[in-house]
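Beneath this line is the structure, given in structure tokens, with notes to follow.
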Amino acid sequence: MALAALSTAAYGQGRALPTAVLGVLNFALRLEYLESEFYNRGVAAAGLIPAADRTIFTTIQSHEAVHVDYLKTLLGSSARPKPTFDFTAGNGSGSGPFADVFTNYATFLAVAQAFEDTGVRAYKGQAATLAPYKDVLQAALSVHSVEARHAAEVRRLRGNFQDNEPNQGWISGAMTDVAAIAPVYAGEANTTHLGLDVTTITGVSAGAVTEAFDEPLTMAQVLAIVDPFIA
């Protein structure tokens, strides 16, 4: 409700959304449709999510539903329809690399992590486009922060990190243990910001510097990541 109020204040009095904003919001809606249906199906799958973790995913499920409703309300008749998804990443074949996504909890967590990490980087990547529209930017960054908390929680649940740091909730370099989602982490090993190599000016290790920043993804990069999940 708070998110809707922010943008309604600027655009809910009969003013049309700028074209640039429409494009970004429909892009975001595509991602939110993906995540929302993914968690709906995951929570509904009998025996998939252990009882100890079920509240985590029902909470995430409810957040994603709110994000979809918010974006659809804001976009109105300009909202794109929900695509048909193939969560095996098989482009509709149902036999992609994640064929057991709703029967194998480890696979479900890996795909959830990919979606959440993509969402975080996707919202960050559109911040510059939304910068002139401060109300929408504020709302988008609020959603971004929610997605970041989802990503950290899912990462802690997985607990399979190569650098042996238990309960790690952040991304180290471009590291992933699932080859099929490697594009999600492209560019995450970057240590240069505002033209400065942060390792040089701080003395902090490259690995630790990469853990401090989530790199933005372009819209094209995100759509390429998502494409295998569209039927």
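Basis for what follows: all heavy atoms, side chains included, without hydrogens, waters or symmetry-related copies.
Partner L31 forms a side-chain contact (heavy atoms from CB on, under 4.5 Å) with one of V222, L71, V68, L223 and no other, that one being V222.
Within the 4.5 Å cutoff, side-chain heavy atoms of E147 are placed close to those of E32. Between Y133 and L17 the shortest side-chain heavy-atom distance does not fall below 4.5 Å. By the 4.5 Å heavy-atom criterion applied to side chains, R155 and D117 are counted as neighbours. Between I60 and E35 the shortest side-chain heavy-atom distance does not fall below 4.5 Å. Residues T176 and V184 have side chains not in contact (no heavy-atom distance under 4.5 Å, counting atoms from C-beta outward). Residues I230 and R30 form a side-chain contact, since some pair of their non-hydrogen atoms from C-beta on lies under 4.5 Å apart. The shortest distance between side-chain heavy atoms of I56 and V154 does not fall below 4.5 Å. Inter-residue side-chain proximity for K72 and H67 is flagged as unmet; no heavy-atom pair is nearer than 4.5 Å.
Applying the salt bridge (charged side-chain N to carboxylate O under 4.0 Å, His left out) test to residues at least two apart or on different chains, none of the pairs has a partner in residues 214-231. Applying the ring pair (Phe, Tyr, Trp, His ring centres under 6.0 Å) test to pairs two or more places apart or on separate chains, those with a residue in residues 205-231 are F115-F229, H193-F213. Within the structure, side chain to side chain donor-acceptor pair (under 3.5 Å) pairs that include any residue of residues 36-45 comprise E37-K82, Y39-E116, N40-Q61 (at least two apart or interchain).
Legend: residues meeting side-chain hydrogen bond (donor to acceptor under 3.5 Å, both in side chains) with Y105, ordered by chain and number and at least two apart, are D53. In this structure, the ring pair (Phe, Tyr, Trp, His ring centres under 6.0 Å) partners of F108, at least two apart in sequence or on a different chain, are F38, F57. Contacts of E188 classified as salt bridge (charged side-chain N to carboxylate O under 4.0 Å, His left out), with partners at least two apart in sequence or in another chain: R121. Qualifying side-chain contact (heavy atoms from CB on, under 4.5 Å) partners for P97, counting only residues two or more places apart in sequence or in other chains: A89, A180. Residues forming a side-chain hydrogen bond (donor to acceptor under 3.5 Å, both in side chains) with S93 (at least two apart in sequence, or on another chain): S95. Shown here are the ring pair (Phe, Tyr, Trp, His ring centres under 6.0 Å) partners of H144, two or more places apart in sequence or in another chain: there are none. By the side-chain contact (heavy atoms from CB on, under 4.5 Å) test, A206 is found to be paired with T191, T199, residues two or more places apart in sequence or in another chain being considered. In terms of the side-chain hydrogen bond (donor to acceptor under 3.5 Å, both in side chains) criterion, residue partners of D86 (sequence neighbours excluded) are, by chain and number, T88. Under the side-chain hydrogen bond (donor to acceptor under 3.5 Å, both in side chains) criterion, T129 pairs with no residue, sequence neighbours left out.
In terms of hydrophobic clustering, with Ile, Leu, Val, Met, Phe, Trp and Tyr side chains grouped at heavy-atom distances under 4.5 Å, L74 and L141 are assigned to a common cluster. Grouping the Ile, Leu, Val, Met, Phe, Trp and Tyr side chains by contacts below 4.5 angstrom, directly or via other members, places Y33 with F102. Under the 4.5 Å side-chain heavy-atom criterion for ILVMFWY residues, no single connected hydrophobic cluster contains both V120 and L157. Grouping the Ile, Leu, Val, Met, Phe, Trp and Tyr side chains by contacts below 4.5 angstrom, directly or via other members, places F27 with Y70. In the hydrophobic clustering of this structure, L217 groups with V178; members are Ile, Leu, Val, Met, Phe, Trp, Tyr whose side-chain heavy atoms approach within less than 4.5 Å, directly or through other members.
Between the side chain of T192 and the backbone N or O of G195 there is no donor-acceptor pair closer than 3.5 Å.
For the atom pair T118 OG1 and I225 CD1, the distance stands at 4.5 Å (nearest 0.5 Å).
The nearest pair of heavy atoms linking V136 to V21 is CG1-CG1, 4.0 Å. When every heavy atom of L137 is checked against every heavy atom of A127, the shortest pair comes out as CD1-O, 3.7 Å. Heavy-atom minimum distance, A140 versus L130: CB-CD1, 3.7 Å.
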